[in-house]
**Q** 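Got a structure for you, written out below as structure tokens; questions coming shortly.
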Amino acid sequence: MVSSHKDRALLRVTLGIGALLLIVCGALLMQAGLIRAEAGASVFFDPTSATVPVDALLDLDIGVSDVVGLQALQMEITFNPAVLQVVDADPVLTGVQIAPGDIFPQDTPLFNIASNVLGTCEYSIVRFASLPFSGDGTIATIPFQAIAVGSSPITITALIMQDGVGDIPVTVSGATINVVAAGDETPTATATHTAAPTATETASPSPTASATPMPIETLPTIDPAPSATPESGLVLRLPLIYASQPAVPTMTPPPKMTATPSLTPQLSPTPSHTATATPTASPTASITPTPSVTPTPGACNQVIINGSAEQNVAWHFPVTAWTGGYSTTRSRTGWRSLRTGIESGPPVFSYSSAEQAFFVPLDTISGRLSFWYYAVALGPNYDGDRSYVLLLDDSGEYEIVLTLIWPETNTQRWTEVVIEDIDWTKYRGQQVRLRFLTINNAYLETAVMYTDDVSLLLCR
């Protein structure tokens with residue numbers, strides 16, 4: 001049957017509208033990070049090459065282009081410390097840092113340290129308060145100073161980028177900085193990177209053992225200055241936030257942690273009903289809780305709801321590469337606990353967390369945070385998996401109130417933590433989030449933390 005001109009015109013209009021809807025919906029899904037771009041992203045330096053005189057300063061941007069739904073990244077960069085040195089971008093903090101970029105404007109790096117002895121920059125950032133990043137931007141800026149005549153390749157030796165699903169395919173390209181004697185230079189620092197770099201190496205790590213960072217002796221490195229000696233304690237070059245002690249990524253000093261003595265394990269027998277049931281990994285709806293107790297002037301009020309994790313309320317589990325959840329595997333009291341980290345499965349680079357929001361009254365003067373944790377880290381002491389307890393304020397700034405590194409990450413018994421010296425006055429009038437966070441790398445084995453009987457008393 002031959003259709004009329006009117007029918008064919010109507011068909012073309014219908015198909016055109018359908019195609020337009022598919023394009024719009026696809027664009028929205030890509031922006032949300034629910035589907036992923038096939039072409040992947042590019043990470044590069046700007047400028048890609050430069051010639052500068054001795055003592056000159058040069059800002060080297062680490063750029064990213066064509067990325068979709070970026071939520072976390074970690075990277076390691078090498079340079080020749082006999083030719084270049086990193087100028088500290090934040091002298092207030094301990095150590096040498098590079099300058100954060102604009103991809104996650106509401107967050108600060110989890111790890112940011114440069115070594116002018118080894119010739120490395122290690123940088124890790126994850127979005128807590130910022131939106132997933134898509135498009136083109138600057139990851140960070142390395143402020144270099146030329147110290148001697150010579151040439152320094154700038155190389156990305158390790159890179160993991162993740163969206164809400166897994167690893168983001170990415171191509172990387174390097175840069176070269178040449179240093180000449182003063183008066184001999186023909187400056188070329190204005191060279192810029194093109195939008196589509198032609199990379200000769202591909203960093204597209206998968207969440208398998210193939211993404212394991214190589215030991216330092218197998219990484220491409222630059223010969224250090226003759227007088228340089230290796231930093232003590234660095235046997236393996238682990239990725240970023242696992243390589244050394246954590247930086248303090250908060251604008252305010254962390255608590256004095258007078259509660260440290262209370263971290264001495266308080267033994268309590270593993271409940272006889274320890275189950276082997278698969279944990280409920282599906283996240284529950286995010287609920288903004290309100291205190292269940294009417295505030296009493298001059299008294300301390302409990303602001304945490306469902307601290308025993310026995311109900312499906314109040315706790316929120318952000319969707320990540322390995323989403324946290326409730327678990328029946330371990331419980332100090334009752335039947336369940338909060339689970340962050342990888343309970344079973346291969347090592348995967350992942351941020352796994354459980355959080356709850358609460359309001360800090362305007363007349364709060366002090367508080368008492370307490371909880372019990374049971375930590376299991378299957379790898380050796382240099383595996384580098386970690387757990388944190390964070391407080392996040394309205395602006396997204398976060399304060400680390402507890403850091404668990406090995407052997408605390410492998411207590412394999414219930415341990416009580418009591419922290420009473422947090423300055424709650426700075427959180428007055430804000431909705432604050434308490435977050436338990438376990439970070440696994442793709443190296444060696446896995447780590448998991450169970451948390452139970454969480455309590456936070458805010459006093460007036």
**Q** Show the numbers, then the answer: is there a side-chain contact (heavy atoms from CB on, under 4.5 Å) between Ile142 and Leu84?
**A** CA-CA 11 Å; Ile142 308 175; Leu84 299 174; over 6 Å; no
**Q** For the residue pair Thr171 and Ser42, confirm or rule out a side-chain donor-acceptor distance under 3.5 Å.
**A** yes
**Q** Walk me through it: do Leu456 and Phe371 pass the test side-chain contact (heavy atoms from CB on, under 4.5 Å)?
**A** CA-CA 9 Å; Leu456 175 55; Phe371 57 89; over 6 Å; no
**Q** Step by step, would you call Tyr374 with Thr411 a side-chain contact (heavy atoms from CB on, under 4.5 Å)?
**A** CA-CA 7 Å; Tyr374 190 113; Thr411 57; 5.5 Å; no
**Q** Could you give the distance from OG1 (Thr155) to CZ (Phe45), rounded to the nearest 0.5 Å?
**A** 7.0 Å
**Q** Is there a donor-acceptor contact under 3.5 Å from the side chain of Asn440 to the main chain of Ala447?
**A** yes
**Q** Start with the C-alpha gap between Met75 and Ile62, add the side-chain angles, then the distance that decides, and say whether side-chain contact (heavy atoms from CB on, under 4.5 Å) holds.
**A** CA-CA 11 Å; Met75 66 191 312; Ile62 309 168; 3.8 Å; yes
**Q** Only one of Val83, Val87, Ile154 passes side chain to side chain contact (heavy atoms under 4.5 Å, CB included) with Phe144; say which it is.
**A** Ile154
**Q** Just to verify, which of Thr438, Leu378, Val376 counts as forming a side chain to side chain contact (heavy atoms under 4.5 Å, CB included) with Val448?
**A** Val376
**Q** Which of these, Thr176, Thr51, Asn178, sits in a side-chain hydrogen bond (donor to acceptor under 3.5 Å, both in side chains) with Ser151?
**A** Asn178
**Q** Do Arg332's NZ or CZ and the ring of Trp372 fall within the cation-pi criteria of under 6.0 Å and 45°?
**A** yes
**Q** With a 6.0 Å cut-off on ring centres, are Phe436 and Tyr373 close enough?
**A** no
**Q** Consider only side-chain N and O atoms of Ser130 and Asp107, and report whether a donor and an acceptor are under 3.5 Å apart.
**A** yes
